[in-house]
Amino acid sequence: MFYYLCTVLTKRKGMKKFLLLAVIAIANIGLAMAQRTVAEIKFDKTVHDFGTFSEDDSTQKCTFTFTNTGNAPLVINQAVGSCGCTIPSYTKAPIKPGQKGEIKVTYKGRGRFPGHFKKTITVRTNGDPSMVRLFIQGDMTESKEE
């Protein structure tokens, strides 16, 4: 069917040129898409729950692990906590395709209001997606000071 359609179209003047140019254009677009290099970030998890802990032991730490699933080096440009009590630290060196990296988060709840909390860490990269939000949460109980 495709062959028949092509032969009918090419019998008209100028259609051979048009068909040839269309095939070349489609091939170039496909080739360009195949050569696209991009870093891709994939986290093992995006939420960490500290559970219940006392204000006496208010410094809590966790680690978010990610993998570069793309075909270009991944760079973490920025990792920012939603407030001063949430302190992220991250891998500064480019992460090669297939390799893993870490974002370590420290929550310092001393002097904060006891109860449930949910904080955000915004991560910006050169990859896809360019922005990811990580979450930490937990319940801090009041200090048992007398």
Side-chain angles (χ1 to χ4, degrees), residues 1-6 9-10 15-146:
M1 180 71 177
F2 179 73
Y3 176 76
Y4 175 74
L5 184 61
C6 287
L9 288 175
T10 55
M15 287 306 289
K16 283 185 181 179
K17 267 187 185 177
F18 173 77
L19 190 59
L20 180 63
L21 289 174
V23 167
I24 290 172
I26 291 170
N28 282 338
I29 291 170
L31 186 61
M33 293 299 282
Q35 293 178 349
R36 183 174 169 231
T37 57
V38 66
E40 292 181 29
I41 189 167
K42 181 164 176 45
F43 281 90
D44 294 345
K45 64 179 182 176
T46 56
V47 178
H48 180 81
D49 190 343
F50 291 113
T52 302
F53 59 93
S54 171
E55 190 177 7
D56 296 328
D57 186 25
S58 62
T59 300
Q60 301 289 313
K61 296 181 180 190
C62 69
T63 302
F64 291 94
T65 304
F66 62 87
T67 305
N68 179 1
T69 58
N71 56 9
L74 174 73
V75 177
I76 304 290
N77 297 322
Q78 185 181 48
V80 180
S82 57
C83 73
C85 61
T86 306
I87 305 152
S89 64
Y90 55 94
T91 307
K92 305 282 194 275
I95 309 298
K96 294 179 183 175
Q99 289 189 333
K100 293 184 177 287
E102 295 180 335
I103 296 180
K104 296 180 179 183
V105 179
T106 302
Y107 174 75
K108 295 185 177 185
R110 171 73 64 199
R112 306 286 175 187
F113 294 106
H116 183 76
F117 67 89
K118 186 170 187 175
K119 303 295 180 181
T120 306
I121 300 93
T122 303
V123 180
R124 298 187 189 279
T125 73
N126 69 328
D128 183 27
S130 61
M131 184 184 75
V132 178
R133 285 203 170 93
L134 306 174
F135 301 94
I136 59 169
Q137 63 185 10
D139 290 290
M140 185 171 69
T141 60
E142 287 189 50
S143 177
K144 296 178 181 170
E145 294 178 4
E146 297 178 21

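Residues K104 and K61 are not in side-chain contact: their nearest non-hydrogen atoms beyond the backbone lie 4.5 Å or more apart. At a threshold of 4.5 Å between non-hydrogen side-chain atoms, the residues T63 and V105 do not count as touching. Looking at heavy atoms from C-beta onward, D44 lies in side-chain contact with K100 at the 4.5 angstrom threshold.
Between the CD1 atom of I87 and the OG1 atom of T106 there is a distance of 6.0 Å, given to the nearest 0.5 Å. Atom OG of S89 and atom CD1 of I76 lie 11.5 Å apart (nearest 0.5 Å). T69 contributes atom OG1, which lies 4.5 Å from atom CD of E40 (distance to the nearest 0.5 angstrom).
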(request) Would you sort out whether F66 and V123 count as a side chain to side chain contact (heavy atoms under 4.5 Å, CB included), showing the intermediate values? (result) CA-CA 11 Å; F66 62 87; V123 180; over 6 Å; no
(request) Decide yes or no on side chain to side chain donor-acceptor pair (under 3.5 Å) for D56 and S143, but give the supporting numbers first. (result) CA-CA 5 Å; D56 296 328; S143 177; 2.5 Å; yes
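The shortest heavy-atom contact between E102 and T65 is CG-OG1, 4.4 Å. Residues Y90 and Q78 come closest through the heavy atom pair OH-CA, 3.8 Å. Nearest heavy atoms, K108 versus T59: CG-OG1, 4.1 Å. Of all the heavy atoms in M140 and S58, the pair that sits closest is SD-CB, 4.0 Å. Considering every non-hydrogen atom in both T46 and R133, the closest pair reads CB-O, 4.1 Å. Considering every non-hydrogen atom in both P73 and P94, the closest pair reads CB-CB, 4.2 Å.
Residues satisfying the salt bridge (Lys or Arg N to Asp or Glu O under 4.0 Å) test with K118, not counting sequence neighbours, are none. For E142, the salt bridge (Lys or Arg N to Asp or Glu O under 4.0 Å) test picks out no residue, with sequence neighbours left out.
For the pair K45 and F43, the cation does not sit on the ring face, since its NZ or CZ is not both under 6.0 Å from the ring centre and inside 45° of the axis.
Remark: the backbone N or O of F135 is not paired with any side-chain donor or acceptor of H48 at under 3.5 angstrom. The backbone N or O of G81 lies less than 3.5 Å from no partner atom in the side chain of T86, so there is not a single donor-acceptor pair. Although no hydrogens or angles enter the test, the distance criterion places a donor-acceptor pair under 3.5 Å between the side chain of R110 and the main chain of E55.
The aromatic rings of F53 and F117 sit perpendicular, their planes meeting at an angle over 60°, well past the 30° parallel limit.
Screening I41, V132, N68 for a side chain to side chain contact (heavy atoms under 4.5 Å, CB included) with T125, the sole residue that qualifies is I41. Shown are I136, T120, I121, T122; of these, the side chain to side chain contact (heavy atoms under 4.5 Å, CB included) with S82 is made only by T120.
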